[in-house]
Visitor: 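Dropping the structure in here first, questions after.
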Protein chains: 2
Amino acid sequence: MRTVGTDVRLRVAQAPEPCAHWANRDADLVREVLDLVGDKWSVLLLGTLASGPLRYSDLIAAVPAISQRMLTLTLKQLQRAGFVERTSHPEVPPRVEYTITELGSSLLSAVLALGTWSTEHQAQIRGNQAAFDAVEPPEAGKAE
Amino acid sequence: MRTVGTDVRLRVAQAPEPCAHWANRDADLVREVLDLVGDKWSVLLLGTLASGPLRYSDLIAAVPAISQRMLTLTLKQLQRAGFVERTSHPEVPPRVEYTITELGSSLLSAVLALGTWSTEHQAQIRGNQAAFDAVEPPEAGKAE
DNA sequence: CCGAATCCGTACTGATACTG
DNA sequence: CAGTATCAGTACGGATTCGG
């Protein structure tokens, strides 16, 4: 166990770096991408589009739980960041296709790495949570 | 009930899987970890603790923007998942230390990889967004 | 068919005050 | 010092409706 300095007022970085090269700037970087894909639907849409271009109504069908509102908003945000491309065909029944871009695929890969991590540690996390809940009261008006 | 799609002829999975090994299950995995660290403070606290154990008040000082409430809540959530460990020293001025666990460090590394990605593509993303905003109206009471 | 606009409930977040 | 409790503002997300 490490003895932390008692005078760590504002200086957190005074502690030795055992293995981490952490700077607060890193947090900002992470937050930026988290703000982009940390929402409920972005990753899901990106993943759905990874298999190939889809139309608006196809996306609705492919992700039944999403509302039209959120689909539109999320799509627009992804398009704005350059993760998907929107192609509108000027035809009589309008047809709009959404395609994932290189950047979007790149992002998806990076995020999928998190999925890999999740796969490996998911069981442990759930176990921890269960053990924690067993001691600390979930306390949700439980009656039995 | 909404009858938006009386057309059952739509074929969702019609798109072939050219290169992506994507399953909807992946999304769940990603969402799980995103639910854990996708919030505003988890990553920041994890990163702050990466340099060594800190006390409650040290964390408040190290992350001035956080409120006591959010610190407590986030800490508890991280503890529940097993990312940090809480050590209460039964002394007269109470002293409680929070330490990042192996699991937490592991998670932080995985998330930091996202930070790396962000570093590399941040400029491009910002450029895309700016270009998008130039065409599509931000329209927020622009003039002055 | 694609999407924008509106209404509304809920969850998250922060400020403040209080306790052991 | 280390939390807990309560209240209020805001942002998020969903259902629905209307327009091009």
Visitor: Ignoring hydrogens and angles, tell me if any N or O in the side chain of B:Gln77 forms a donor-acceptor pair with the backbone of B:Leu36 under 3.5 Å.
Guide: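 Yes: the side chain of B:Gln77 pairs with the backbone of B:Leu36.
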Visitor: Run the side-chain hydrogen bond (donor to acceptor under 3.5 Å, both in side chains) check on A:Trp117 and B:Ser106 step by step: do they pass?
Guide: CA-CA 9 Å; A:Trp117 185 93; B:Ser106 169; 2.6 Å; yes
Visitor: Can a donor-acceptor pair be found, under 3.5 Å and without considering hydrogens, that links the side chain of B:Thr99 to the backbone of B:Pro53?
Guide: no
Visitor: Respond yes when some side-chain nitrogen or oxygen of B:Lys76 is under 4.0 Å from OP1 or OP2 of D:dG3, and no when none is.
Guide: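 The answer is no; no side-chain N or O of B:Lys76 sits under 4.0 Å from OP1 or OP2.
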Visitor: Do nucleotides 14-20 of chain C as a string where each nucleotide becomes B, S or -: B if the base has a protein heavy atom under 4.0 Å, S if just the sugar-phosphate does, - if no protein is that close.
Guide: BB-B--B
Visitor: Rounded to whole Å, how long is the line connecting atom OH of B:Tyr98 with atom C1' of D:dA2?
Guide: 8 Å
Visitor: Can you tell me the distance, in whole Å, between the OH atom of A:Tyr56 and the P atom of C:dC1?
Guide: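 Whole-Å distance recorded here is 12 Å.
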Visitor: Answer whether the closest heavy-atom distance between the side chains of A:Leu45 and A:Leu59 falls below 4.5 Å.
Guide: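 A side-chain contact under 4.5 Å exists here.
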Visitor: Could you report the tightest heavy-atom contact between A:Ala81 and B:Gln129, atom names first, then the distance?
Guide: CA-CG, 3.9 Å
Visitor: Measure from CD on B:Gln77 to C1' on C:dT13 and round the result to the nearest Å.
Guide: 14 Å
Visitor: Quick check for you: among D:dG3, C:dC1, D:dC1, whose closest atom lies nearest to any side-chain atom of A:Arg55?
Guide: C:dC1
Visitor: Would you say A:Val63 and A:Leu71 make side-chain contact, with heavy atoms under 4.5 Å?
Guide: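 A side-chain contact under 4.5 Å is absent here.
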Visitor: In whole angstroms, how far is the C1' atom of C:dA4 from the CD atom of A:Gln79?
Guide: 15 Å
Visitor: Treat each ILVMFWY residue as a node, draw an edge where side-chain heavy atoms are under 4.5 Å apart, and state whether B:Leu108 and B:Val33 are in one component.
Guide: yes
Visitor: Without decimals, in angstroms, what is the distance between A:Leu75 CG and C:dC1 C1'?
Guide: 14 Å
Visitor: Are there over 12 heavy-atom neighbours, none belonging to A:Glu91, within less than 6.0 Å of that residue's CD?
Guide: yes
Visitor: Whole Å only: how far is the CG atom of B:Leu73 from the P atom of C:dC12?
Guide: 10 Å
Visitor: Could you tell me the separation between the CG atom of B:Leu71 and the C1' atom of C:dT13, rounded to a whole number of Å?
Guide: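 Atom CG in B:Leu71 sits about 14 Å away from atom C1' in C:dT13.
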Visitor: For residues 27-39 of chain A, which residues have at least one heavy atom under 4.0 Å from DNA chain C?
Guide: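 Output list: empty, so none.
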Visitor: Would you mind reading off the distance between A:Asp58 atom CG and C:dC1 atom P, rounded to a whole angstrom?
Guide: 10 Å
Visitor: What's the spacing between B:Leu34 CG and A:Ser118 OG if we round to 0.5 Å?
Guide: 9.5 Å
Visitor: Base, sugar-phosphate, or nothing: which does A:Thr72 touch, judged by heavy atoms less than 4.0 Å apart?
Guide: sugar-phosphate
